[in-house]
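Just so we're on the same page: letters track the sequence lines, and every chain starts at 1. Hydrogens, waters and symmetry mates play no part in the numbers below; they use all other heavy atoms, side chains included.
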2 protein chains.
Amino acid sequence: MALASTKRVRIYDVAQAAGVSIATASKALNDTGRMTEETRSRVKAAANSLGFRPNAMARALIQRRTFTVGLLTNDTYGRFTLPLMAGVSEQLVDHGVSVFLCSIEDDPALAKIHVDAMLDKQVDGIIASGKRIDRRLPVDLSQLDIPVVYAFTDGPEDAVTLVSDDYQGSMQAMQWLRELGRSRIVHVTGPQTFASVGERARAYHAVQGGDGLVMHGSWSEAWGHEAVARLWARKGDTPDAIFCGNDQIARGVVDALRERGLDVPGDVSVIGFDNWEIVAAATRPPLTTVDMNLKELGREAGRLVLALAEGKAVEPGVRKLPCQLVVRESCGGGLRS
Amino acid sequence: MALASTKRVRIYDVAQAAGVSIATASKALNDTGRMTEETRSRVKAAANSLGFRPNAMARALIQRRTFTVGLLTNDTYGRFTLPLMAGVSEQLVDHGVSVFLCSIEDDPALAKIHVDAMLDKQVDGIIASGKRIDRRLPVDLSQLDIPVVYAFTDGPEDAVTLVSDDYQGSMQAMQWLRELGRSRIVHVTGPQTFASVGERARAYHAVQGGDGLVMHGSWSEAWGHEAVARLWARKGDTPDAIFCGNDQIARGVVDALRERGLDVPGDVSVIGFDNWEIVAAATRPPLTTVDMNLKELGREAGRLVLALAEGKAVEPGVRKLPCQLVVRESCGGGLRS
DNA sequence: GTGAAAGCGCTAACAA
DNA sequence: TTGTTAGCGCTTTCAC
């Protein structure tokens, strides 16, 4: 441990201390070249005791590899990018790769500035992420000379794209409701313009049949309330389960049902989507919901840019990553087998 | 616009194209040295048409300045770091500075890895941020040779530290309630162990007097419910206003009051803290609350590391940044003057 | 097995 | 006004 924090120690200092040339020192430290084991360990010991840290800039200049990647996102405040970022960071830090955070706020000019900055800094690759899997970032990354991976945002045809599997996740939800004996299931979800809304509805219909009821509205608690009002105003059977397009709607639904004197999950099971902790856990009863595993998606994105950066071949196309059911109390049923 | 994305263009190519030496090219592009305006613009034109982008690595190697900073945070999923990061990024991108995102999850080993990686990459400075202003990150940054700014986390005595002004924010809240004619104000807040809880209570007492009632619990909606139950179970006067320690508690309080048939804000005014959109806006009625201006705090942190990195002197000590009252409907009253 | 020398892309003295 | 030269800190042939 070098206590003196005067000047940064360079490989020259290590070489001096070990009584070798800097060439030998370099080879010793990088486990390349050939030399006696004794020399190698002597150099390493010297480096160690001097607290030598190679200058990544100098290294990058030669190796054309900076061990940095850029993470572009337009979901600055959102709940989607955050776990995704954590996953990316977690995956890459183990490989000595650092992540540039670039929030672009849907602003093309800002996006360009960030991309240019990344390019100047010679990032080894870029991960583009967003808040909707059916929207593109306001910048064209397809002509860059470095690898790009799209995560939770739409990418070009021949790109490597990672999204969560809305269909599979919704199937989990629906099947869970069926396993619990629910049959009159209604789907209360977001605006039809979202691709994921379509996917989730498709899964709903696959289980419930073509005559199931899908209600579109906003992604809000208010819409959950309103949907319940409409459902219970109709004549005929009321549902015994409601599959909601997200946790906010689900919370609105649960609150509305309780206000009507209905028991959740006794009278009606409610299931959400997103597993947004703050919403799902605060609902009374806490929401059973579908988690999109965004952190894992982030890890995978990290893994893939890294592979690409190392010149490995990666099959282009859209990869759908599985969602996972998180069982709490709003559907009844115990821990999932 | 160079369409051919074959090889990166270097300053050598620009010099060739402009018919000058690389030294002249360098000076022309950096607006240093002296030469005819004609030469300078000729070089710039050549650079432009070739799509020249200087290699930041090479530059960094000489200038000892990488135009990167590291942002350390242990609040990976949290609502605090996110706007803060956005502010930092926004502030720095204008200066050509990129931000390394490092989420350390309260793990000392992970923190060290990240810090080492940043040091290797020669960041110009580090911003340390967290989720509590009275807790330190699990890593010692005080002995580094580069500037460190602490934002929304506790730092050493002689460091530059940025926090939001809980006292001032709470004063805003309390005064707003008084302006609306409320006098029997109760403070329902989080655990006493939080420094910000103490600060907010201090402001509460400054307005309400020493005999005001402060109720400590968890930062949850459930605690909001419970607090209301307790308050209305007491004999004697019930409050006409409740100042809550955060928005979640406030939401619990509002819901509990409504469930008791009380009108908010007609019978009781409720005010929150944090302005956590998802909670504040979904509450019925939407919460009037205190915003900590974390994005601005992030910007200021960016400004300060940058100043420090440029060798400018910055007065050490704790800087408290003002909060801002966000008026919605839970207190009554109109737009603030 | 080890070291001298060239060079990554750029900037900055110093000459011319 | 412009160009030559010497590095920044490191890796990597290629001699010895």
Side-chain angles (χ1 to χ4, degrees), chain A residues 2 6-44 46-47 50-68 96 119-124 145-146, chain B residues 2 6-44 46-47 50-68 96 117 119-124 145:
Chain A
T6 45
K7 268 212 148 197
R8 218 182 145 107
V9 7
R10 295 148 310 163
I11 198 169
Y12 172 83
D13 304 310
V14 176
Q16 287 265 301
V20 295
S21 71
I22 60 169
T24 304
S26 173
K27 279 176 278 195
L29 295 171
N30 293 302
D31 284 322
T32 55
R34 55 180 112 267
M35 67 193 65
T36 57
E37 222 15 84
E38 193 276 325
T39 309
R40 202 180 286 281
S41 54
R42 183 156 42 87
V43 173
K44 283 184 174 174
L50 289 173
F52 171 68
R53 324 228 50 174
N55 183 323
M57 298 299 124
R59 209 170 220 175
L61 203 51
I62 309 171
Q63 303 184 149
R64 276 84 203 290
R65 189 80 201 288
T66 54
F67 292 90
T68 58
L119 259 22
D120 287 349
K121 278 158 189 156
Q122 318 268 122
V123 293
D124 296 333
D145 290 325
I146 54 173
Chain B
T6 45
K7 268 210 149 196
R8 218 182 145 108
V9 8
R10 295 148 309 165
I11 198 170
Y12 171 83
D13 305 310
V14 176
Q16 287 265 302
V20 295
S21 71
I22 61 166
T24 304
S26 173
K27 279 178 279 194
L29 295 172
N30 292 303
D31 285 320
T32 55
R34 54 180 113 266
M35 66 193 67
T36 57
E37 221 16 83
E38 192 277 324
T39 307
R40 201 180 288 281
S41 54
R42 184 156 41 90
V43 173
K44 283 185 174 174
L50 289 173
F52 171 68
R53 325 227 52 183
N55 184 323
M57 297 300 124
R59 211 171 219 174
L61 202 51
I62 308 172
Q63 303 184 150
R64 277 87 205 292
R65 190 79 202 289
T66 55
F67 292 90
T68 59
L119 259 22
D120 287 350
K121 281 162 187 151
Q122 318 267 123
V123 294
D124 296 332
D145 291 324

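What you find for B:A46 and B:A18 is that their closest heavy atoms are CB-CB, 4.0 Å.
Residue B:R65 contributes atom CZ, which lies 19 Å from atom P of C:dC10 at whole-angstrom precision. Atoms CZ (B:R34) and P (C:dA12) sit 15 Å apart, rounded to a whole Å.
Under a 3.5 Å cut-off, the side chain of B:N30 and the backbone N or O of B:T32 do not form any donor-acceptor pair.
Dashed line: the shortest gap from a side-chain N or O of B:S21 to OP1 or OP2 of D:dT5 is not under 4.0 Å.
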- Task: Verify side-chain hydrogen bond (donor to acceptor under 3.5 Å, both in side chains) between B:R64 and B:Q122, making sure each step is shown before the conclusion.
- Result: CA-CA 8 Å; B:R64 277 87 205 292; B:Q122 318 267 123; over 6 Å; no

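Using a 4.5 Å heavy-atom cutoff, the side chains of B:F52 and B:D13 are not in contact.
For A:R59, there are no salt bridge (charged side-chain N to carboxylate O under 4.0 Å, His left out) partners, not counting sequence neighbours.
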Protein-proximity profile, nucleotides 8-16 of chain D, B/S/- by nucleotide at the 4.0 Å heavy-atom cutoff, equals BBBBB----

